[in-house]
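Written below as structure tokens is the structure these notes are about.
Chain naming here is simple, since letters A, B, ... match the order of the sequence lines and numbering starts at 1 in each. Note that the structure is a prediction, hence the values are computed from the model and not measured.
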Amino acid sequence: LPLQFDWRDKNLVTGVKNQLDCGACWAFSIVGAIESANAISGNPLEDLSVQQVIDCSYLDRGCNGGSTDSALKWLNQTHTKLLRSSEYPFKARTGTCHYFPPTEHGVSINGYEAYDFSNYEEEMMKLLISVGPLAVIVDAVSWQDYLGGIIQHHCSSGHSNHAVLVVGFDKTGDTPYWIVKNSWGTSWGVDGYVHVKMGENVCGIADFVTFPVM
Amino acid sequence: FFMEKWGRKYPAGSLPSQERYQVFLKSLERHRFLNSDARNTSDAHYGINQFSDLSVEEFTNTYLRSHPPRNKDYYVPKKKAFGEKS
């Protein structure tokens, strides 16, 4: 395994989004994973509609909360095609699900997988390199005040509450860390990203790992 | 400075404004506590950002709205982790 890996280096990660006052981190997380997986499959990298997932994933509660696995389950069961973000733009509130004919351009998934990698973060590294960015659910209470650096304390496994996207890792320094894309805008953290220590399941980053199969 | 940087406007002299200021002061206390564990330069650092005028409860209720699966049965057992497939 390489000491350093980052899907952004290959231009396969879209820009950081801002969920504003809408509690739909779960939708931003899986849409980010699908955007990258779609591009890794050889298609152009493009922003897909988070609002479509917020409005239409009936297993979740829109801006009031949801789960990455139930959103992927909905996408997989219904074969819904995700439209471009420009066609179904983000409004930061839950709305009525808009129907589009199946002939419409869009990105659908062929399945999804879910893993528990607590104590198996080396396996998670392999998976990240093999399939693309991974949607995870973490304990992010202390992230309210994060400015930069590598998170190593003040969060725990077993209290997952926020969905984000792992896009890479860096083991070249004294403290290896995961590179994590958040959805709180670019002015938060390290240009919208956060670094989380690897190897100790810090913030429960390896507890609930999902990704789409294209 | 915070209000200017993050475009906040609180009605001058109103009670909510005072309460909001107390929330901000509590954030500063929290930053001191969070930073007290830093042992080297690579450790995370915490301070004033766009969420500093929110209480922990407000922040949690607004932004931390994802939850793990209620039924974890479908999760692949650890021993069948991806690396072993190949």
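Summarising the geometry, atom CG belonging to B:Asp37 is positioned 10.0 Å from atom CD belonging to A:Gln152; distances are rounded to the nearest 0.5 Å. Separation of atoms CG (B:Leu34) and CG (A:Leu147) is listed at 10.0 Å; rounding is to 0.5 Å. Distance check, rounded to the nearest 0.5 Å: CG of A:Asp145 to CG of B:Asn35 gives 9.0 Å. Atom CG of A:Asn18 sits about 7.5 Å away from atom CD of B:Gln50, to the nearest 0.5 Å.
Interface remark: A:Gln19 contributes side-chain atoms only to the contact with chain B (heavy atom separation under 4.5 Å). At a 4.5 Å heavy-atom cutoff, the contact between B:Leu54 and chain A is made by backbone and side-chain atoms alike. Residue contact with chain B, scored on non-hydrogen atoms closer than 4.5 Å, involves the side chain of A:His154 exclusively. In this structure, chain A has heavy atoms under 4.5 Å from both the backbone and the side chain of B:His45.
Environment of NZ in A:Lys17: crowded, with over 12 heavy atoms of neighbouring residues, nucleotides or ligands closer than 6.0 Å. A:Arg93 CZ: 12 or fewer foreign heavy atoms inside a 6.0 Å radius. Other residues, nucleotides and ligands contribute over 12 non-hydrogen atoms within 6.0 Å of the CD atom of A:Gln77. By the 6.0 Å contact criterion, NE2 on A:His153 is enclosed, its count of non-hydrogen atoms from other residues, nucleotides or ligands being greater than 12.
With respect to chain A, the highest number of heavy-atom pairs below 4.5 Å among B:Ser27, B:Ser52, B:Gly47 belongs to B:Gly47. Listed options A:Gly149, A:Ala24, A:Ala140 were ranked by heavy-atom pairs under 4.5 angstrom with chain B; first place goes to A:Gly149. Most heavy-atom pairs under 4.5 Å with chain B: of the set A:Gly173, A:Gly148, A:Ala27, this distinction falls to A:Gly148. The candidate with the highest count of non-hydrogen atom pairs below 4.5 Å against chain B, out of A:Asp139, A:Asp174, A:Leu20, A:Val138, is A:Leu20.
Residues of residues 185-198 of chain A that come closer than 4.5 Å to chain B, counting heavy atoms only, are A:Ser187, A:Trp188, ordered by residue number. Scanning residues 57-65 of chain A against chain B with a 4.5 Å heavy-atom cutoff picks out A:Arg61, A:Asn64, A:Gly65, ordered by number.
Side-chain contact between A:Gln144 and B:Arg30 is present, with at least one heavy-atom pair separated by less than 4.5 Å.
Of the possible donor and acceptor atoms, one in the side chain of B:Ser66 sits under 3.5 Å from a partner among the backbone N and O of A:Gly66.
Under the side chain to side chain contact (heavy atoms under 4.5 Å, CB included) criterion, B:Tyr21 pairs with B:Leu25, not counting sequence neighbours. Residues passing the side chain to side chain contact (heavy atoms under 4.5 Å, CB included) test with A:Ser29 are A:Thr68, A:Ala135, A:Ala163, sequence neighbours excluded.
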Check against side-chain contact (heavy atoms from CB on, under 4.5 Å), B:Leu64 and A:Val141: CA-CA 8 Å; B:Leu64 307 184; A:Val141 172; 3.8 Å; yes
Ring pair (Phe, Tyr, Trp, His ring centres under 6.0 Å) assessment of B:Tyr63 paired with A:Trp143: CA-CA 10 Å; B:Tyr63 295 98; A:Trp143 295 18; over 10 Å; no
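Closest approach of A:Ser160 to B:Pro68, counting heavy atoms only: O-CD, 3.7 Å. The minimum heavy-atom distance linking B:Tyr46 with A:Ser142 is given by the pair CE2-O, 3.5 Å. Residues B:Phe51 and A:Trp184 come closest through the heavy atom pair CE1-CE3, 3.6 Å.
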